[in-house]
Amino acid sequence: MIFGGNHRYRSGWRSWPLLVSVATLLATYPHVSSAQLFSERPPPVPPESVPEAPPPGAAISLAPSSGPASMPNLPAPLTQAPVAAVPLTSSPRVASPAQAVLSLTARYGKDLPPINSGLIWRVYTDRPDETGAFKLVREDREATPSITLPPGDYVVHVSLGLVSAARPVTLRSDADRESFVLPAGGLKIEGRVGASMIPPNQISFSIYKGSQFEGTERAPLLPNAAGGDVMLLPEGTYYIVSNYGDANSVVRSDIRVQAGKLTDVTISHRAAVITLKLVSDKGGEALANTAWSVLTPGGDVIKESIGAFPRVVLAEGEYRVIAKNEGKVFERGFEVSNGVDGEIEVLAR
């Protein structure tokens, strides 16, 4: 998908079956529905405080291994059980007469491939203890765990990136199989100027739920997503605000994420990196302790800074720069062309 900046952009997008490594996993956000709960929002009252997601860099393959509940009303914010007290299951187990085996799986959709990595499963008691907390009984990070538990009532919660689901489960004295649907898709974004990729440390992306044309104010779902990372999001429509530098090179783009697929987005900025210098003579040394203001032709301030030769990313267009040094003011006009980085010298005379 390619988008252009400065209110001129071309768009089209493509997605394909996921076979990627996820560098960024994010906290889980359940939301109530009639049979199974899944959402990008954190559970207002989960059965237990959910630990933070793994740190960035924890790779996840979203490739399928082959081929193609409502949440009960739970009271009050809860207290997380100590990590040391949470046993992890790893391999299928055979239930003893006083135990039951809970086998868990998740899919991207009813007719979509199973999810084979990146899942976090948590099992909670369905009732609070004497302190009012819902105890975390088990946590497992296998794709298809088989968890041995005493017969009884539980709440099972599963998360993948920003997508999660929860369901009450009753275990008898035998075995139970539960399958969850997590309609998640991958999103990868990068920025370009012309044919050149913008370094990830010079560009940032804010991701919002819905379309930019809906006209309603909202907080970003992801306020500072890094370029090149793969993010897992619930299936749906989003818009991206891309900021190249910290001045006025900003592009907004609508995109759609599909379950079980990777949406690869390239956002094109029309801008350049400009270095400002105040010199006594053309080609001379830059004068230190200079205060700078970059303005539009109409006088709107775009960027202010102090230094001998500050760098600023500016969108394509015309500008006026004012330099103040030792009580004197100097200025000149200049033009920025797409992809043409350069120096602007202001003569101190």
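The first residue in the sequence is number 1, and the count goes up from there.
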ask   = Can you tell me if Thr237 and Arg256 form a side-chain donor-acceptor pair at under 3.5 Å?
value = yes
query = Minimum heavy-atom separation for Lys277 to Gly284, with atom names?
reply = NZ-O, 3.7 Å
message = Does Val193 form a side-chain contact (heavy atoms from CB on, under 4.5 Å) with Asn338? I'd like the steps, not just the answer.
response = CA-CA 7 Å; Val193 170; Asn338 181 43; 3.7 Å; yes
ask   = Under 3.5 Å, is there a donor-acceptor pair between the Asn243 and Ser204 side chains?
value = no
Pairwise side-chain contact, Arg172 with Pro151, heavy-atom cut-off 4.5 Å (strictly under) = no
ask   = Atom CG of Asp129 and atom NZ of Lys135: how far apart are they, to the nearest 0.5 Å?
value = 8.5 Å
request  = Indicate yes or no for a side-chain donor-acceptor contact from Asn325 to the backbone of Ala288 under 3.5 Å, with no hydrogens or angles considered.
outcome  = yes
key: Test item: Ile267 and Ile203 side chains (from C-beta on) under 4.5 Å apart, heavy atoms   = no
request  = For Arg332, look at atom CZ and say whether over 12 heavy atoms of other residues, nucleotides or ligands are found less than 6.0 Å away.
outcome  = yes
inquiry  = Check the orientation of Phe180 and Trp121. Use parallel for under 30°, tilted for 30 to 60°, and perpendicular for over 60°.
reply    = perpendicular
query = Could you go step by step and tell me if Ile189 and Met231 meet the side-chain contact (heavy atoms from CB on, under 4.5 Å) rule?
reply = CA-CA 9 Å; Ile189 318 171; Met231 295 152 283; 4.0 Å; yes
query = Are Leu160 and Tyr108 close enough, and set up right, to give a side-chain contact (heavy atoms from CB on, under 4.5 Å), and what steps lead you there?
reply = CA-CA 10 Å; Leu160 177 69; Tyr108 292 110; 4.1 Å; yes
message = Counting C-beta onward and ignoring hydrogens, is there a side-chain heavy-atom pair between Leu112 and Arg107 closer than 4.5 Å?
response = no
query = If every non-hydrogen atom of Leu119 is compared with every non-hydrogen atom of Ala143, which pair is closest and at what distance?
reply = CD1-O, 3.6 Å
query = Quick one: does Gln212's side chain get under 4.5 Å of Val241's, heavy atoms only?
reply = no
remark   = Excluding Ile302, membership of its hydrophobic cluster (Ile, Leu, Val, Met, Phe, Trp, Tyr; side-chain heavy atoms within less than 4.5 Å) reads Ile274, Leu276, Leu278, Leu287, Trp292, Val294, Val312, Leu314, Tyr319, Val321, Phe330, Phe334, Val336, Ile344, Val346
query = Can you find a heavy atom in the side chain of Thr263 that is under 4.5 Å from one in the side chain of Leu233?
reply = no
Within-4.5 Å side-chain heavy-atom neighbours: Glu178 and Val156 = no
Common cluster, Val329/Ile306, ILVMFWY with side-chain heavy-atom separation under 4.5 Å = no
Residues Lys188, Glu190: salt bridge by 4.0 Å N-O rule = no
key: Shortest non-hydrogen contact between Lys303 and Ala247, atoms and distance   = CB-CB, 4.5 Å
ask   = Would you say Arg349's side chain and Ser280's backbone share a donor-acceptor pair under 3.5 angstrom?
value = yes
query = Between atom OG of Ser242 and atom CZ of Arg252, what is the distance when rounded to the nearest 0.5 Å?
reply = 10.5 Å
request  = Give a yes or no on whether Asp153 atom CG has more than 12 heavy-atom contacts from other residues, nucleotides or ligands under 6.0 Å away.
outcome  = yes
note = CG of Asp246 to CD of Gln202, rounded to nearest 0.5 Å, is 10.5 Å
ask   = Glu214 side chain to Ser211 main-chain N or O, any donor-acceptor pair under 3.5 Å?
value = yes
ask   = Should the pair Glu331-Arg320 be classified as a salt bridge under the 4.0 Å nitrogen-to-oxygen rule?
value = yes
Minimum side-chain heavy-atom gap Asp126-Tyr154 below 4.5 Å = no
inquiry  = So Ser293 and Lys324, do their side chains get closer than 4.5 Å, heavy atoms only?
reply    = no
query = Tyr239, Val250: one ILVMFWY side-chain cluster at the under-4.5 Å cut-off?
reply = yes
task = Flag yes if Val169 and Val137 sit in one hydrophobic cluster, no otherwise; membership is Ile, Leu, Val, Met, Phe, Trp, Tyr, and two members link when side-chain heavy atoms are under 4.5 Å apart.
result = yes
request  = Return the minimal non-hydrogen interatomic distance between Ala165 and Val181, and the atom names on each side.
outcome  = CB-O, 4.4 Å
request  = Report yes or no: does Glu345 contribute a side-chain atom to a donor-acceptor pair with the main-chain N or O of Gly283 at less than 3.5 Å?
outcome  = yes
query = Does Ala315 offer a backbone N or O that forms a donor-acceptor pair with the side chain of Asn248 under 3.5 Å?
reply = yes
ask   = Which pair of heavy atoms, one from Ala226 and one from Asp229, lies closest together, and at what distance?
value = CB-OD2, 3.4 Å
query = What is the minimum heavy-atom distance between Val313 and Ser249, and which atoms define it?
reply = CG1-CB, 4.2 Å
